[in-house]
Protein chains: 2
Amino acid sequence: MVDVLALKKLALLGAIHAPVKLSTLDFAKHIQASPQTVSRRFQSLERKGLILRRHMPGGQMVSLTQKGVDLLKKEFSEYRQIFEFKAKPCRLKGRVITGLGEGQYYMSLDGYVKQFVKILGFRPFPGTLNIKLDEDGIIERRKLNGGIALHGFKSHQRTYGGGHVYPARLGRIKGAVVIPERTHYPADVLEFIAPINLREKLGLKDGDVVEVRI
Amino acid sequence: MVDVLALKKLALLGAIHAPVKLSTLDFAKHIQASPQTVSRRFQSLERKGLILRRHMPGGQMVSLTQKGVDLLKKEFSEYRQIFEFKAKPCRLKGRVITGLGEGQYYMSLDGYVKQFVKILGFRPFPGTLNIKLDEDGIIERRKLNGGIALHGFKSHQRTYGGGHVYPARLGRIKGAVVIPERTHYPADVLEFIAPINLREKLGLKDGDVVEVRI
DNA sequence: ATTACTAAAAGACGAGTAA
DNA sequence: TTTACTCGTCTTTTAGTAA
């Protein structure tokens with residue numbers, strides 16, 4: 001939990017570019033802790049594959065692994081999202097359609113559900129609301145960026161693809177748009193997820209016009 | 001310690017722009033903790049003046065204070081330092097001179113020393129090595145940026161100014177350049193600090209040519 | 001529903017110490 | 001000098017519960 005703060009400090013000391021020579025006491029002063037804590041923290045970071053260490057007389061050479069760099073990049077991108085995100089409330093309009101029922105299947109997979117809970121803070125209803133976008137919506141959809149990564153995974157000899165999640169609202173319902181990264185996915189359909197059954201709760205049926213705000 | 005991570009999450013949820021309605025359970029899912037922990041963390045953030053809260057039926061409105069935003073900005077700038085820092089090893093040459101002895105005085109003030117320890121990871125020797133820069137050095141000095149902020153403070157009815165610190169090396173000695181932000185400070189003198197007495201350790205005397213690498 | 005208290009469990013910390 | 005172990009203490013967490 002607090003490892004990321006130590007990792008950031010290591011990066012600031014240059015361990016992101018090249019191995020840096022540090023003793024536990026050196027680094028202890030930087031993070032204002034005891035050498036014992038540093039020893040433990042180095043072990044923890046190493047166990048998690050975030051740093052590499054090589055012991056030397058008088059200290060150790062410490063460098064970040066790719067995984068460590070990636071973790072910091074993720075943090076960095078979150079801060080960019082906070083400070084560089086221009087308030088451009090994107091609105092996508094379209095009509096409710098019936099999908100192939102895939103959504104229901106995917107939304108029941110634990111590999112996805114866990115990520116949704118982490119990203120969105122709610123457990124999505126097992127099913128997606130499919131929205132056929134109007135012309136403007138198709139254009140807007142393509143412009144979407146800054147979404148939160150949804151990672152693919154393997155299970156039972158099958159591979160499940162990743163994508164991006166955009167917290168959004170449909171009316172006053174908080175939910176999210178899911179954009180799979182499958183290359184040949186139709187660009188005119190939007191999949192919206194929410195903690196509840198939207199069709200039931202909002203009394204939606206095919207052909208109804210809805211607006212999603214991202 | 002871990003409050004900053006919760007604060008970041010709150011900012012991502014929009015609390016940096018406007019109050020966001022959250023229950024402890026909602027936020028617990030976001031940070032993967034229990035509602036009890038959220039309750040405590042909200043209290044902690046509030047006590048530290050990082051957030052404002054207003055209780056509502058079904059949750060509470062949470063927003064960041066200016067202090068909270070500032071803390072995140074500081075984090076953000078550290079990440080920028082990691083990822084956007086161009087490797088441009090700056091070299092400044094000059095001759096050792098004797099200062100007015102101010103350095104020794106300032107370097108003995110606890111208000112500065114604590115910051116140096118935190119920033120640099122060592123307790124500086126109480127005294128600065130003053131270096132009169134050559135022409136190129138003066139130009140290079142002006143270009144310096146991305147230093148780590150050294151905050152001013154008040155003590156005994158006096159105000160002590162802030163500045164910037166640039167980790168640097170003199171030969172193989174790790175130390176730092178300190179640039180006070182006093183407006184009329186001579187632009188041709190560099191103050192170098194280190195954990196040791198440089199004059200003694202390196203046998204330096206006035207007029208000796210040295211090179212500082214930032 | 002909430003929030004937040006208490007109490008018990010879990011985890012992190014630094015002092016002491018061995019290698 | 002190092003690193004990293006054990007161990008006692010302090011801190012943080014969650015479960016249970018009251019308001």
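In what follows, chains are A, B, ... by sequence order, proteins preceding strands, each numbered from 1. All figures in this text were calculated on a predicted structure; none of them were measured in a lab.
Regarding A:K29, its NZ atom lies at a distance of 14 Å from the C1' atom of D:dT2, rounded to whole Å. As a whole-Å value, the separation of B:I31 CD1 from D:dT12 P is 14 Å. Rounding to whole angstrom units, CG of residue B:D3 and C1' of D:dT12 are separated by 12 Å. The interatomic distance linking A:M61 (CE) with D:dT3 (P) rounds to 13 Å, in whole Å. Taking atom CZ of A:R54 as the reference point, atom P of D:dT3 lies 14 Å away to the nearest angstrom. The distance from atom CE of A:M56 to atom P of D:dT2 is 13 Å, rounded to the nearest whole Å. Taking atom CZ on A:R47 and atom C1' on C:dA12, their separation rounds to 13 Å, with Å as the unit. Put simply, NE2 on A:H55 is 18 Å from P on C:dA19, counting in whole angstrom units.
Considering B:L170, B:V210, B:L133 in turn, B:L133 is the only one that fulfils the side chain to side chain contact (heavy atoms under 4.5 Å, CB included) rule with B:L92.
Checking C:dG14, C:dA4, D:dT3 against every side-chain atom of A:T24, the shortest atom distance belongs to D:dT3. Side-chain proximity of B:S23 to C:dT2, D:dT3, C:dG14: nearest is C:dT2.
Under 4.0 angstrom from either OP1 or OP2 of D:dA4 there lies at least one side-chain N or O belonging to A:R53. When the side-chain nitrogen and oxygen atoms of B:Q60 are compared with OP1 and OP2 of C:dT2, none of them lie within a distance under 4.0 Å. An OP1 or OP2 oxygen of C:dC13 is reached within less than 4.0 angstrom by a side-chain nitrogen or oxygen of A:R41. In this model, the phosphate group of D:dT3 is not approached by any side-chain N or O of A:S39 to a distance below 4.0 Å at OP1 or OP2. The phosphate of D:dT13 (OP1 or OP2) has a side-chain N or O of B:R40 nearer than 4.0 angstrom. Of the side-chain N and O atoms in A:Q43, none sit less than 4.0 angstrom from OP1 or OP2 of D:dT3.
Side-chain N or O atoms of A:Q115 include one that pairs as donor or acceptor with a backbone N or O of A:H151 at under 3.5 Å. A side-chain donor-acceptor contact under 3.5 Å links B:H30 to the backbone of A:L120.
Put simply, the side chain of B:Q36 and the base of D:dA15 share a donor and an acceptor less than 3.5 Å apart.
In this structure, B:F42 has its ring center closer than 6.0 angstrom to the ring center of B:F27.
When the nearest nucleotides of DNA chain D are assigned to A:G58 and B:V2 by heavy-atom distance, the more 5′-ward of the two goes with A:G58.
Across every strand in view, D:dT1 sits unpaired, with no contact that passes the Watson-Crick or G-U test at under 3.5 angstrom.
Electrostatic pairing of B:E140 and B:R91 does not count as a salt bridge here, judged by no charged N lying under 4.0 Å from a carboxylate O.
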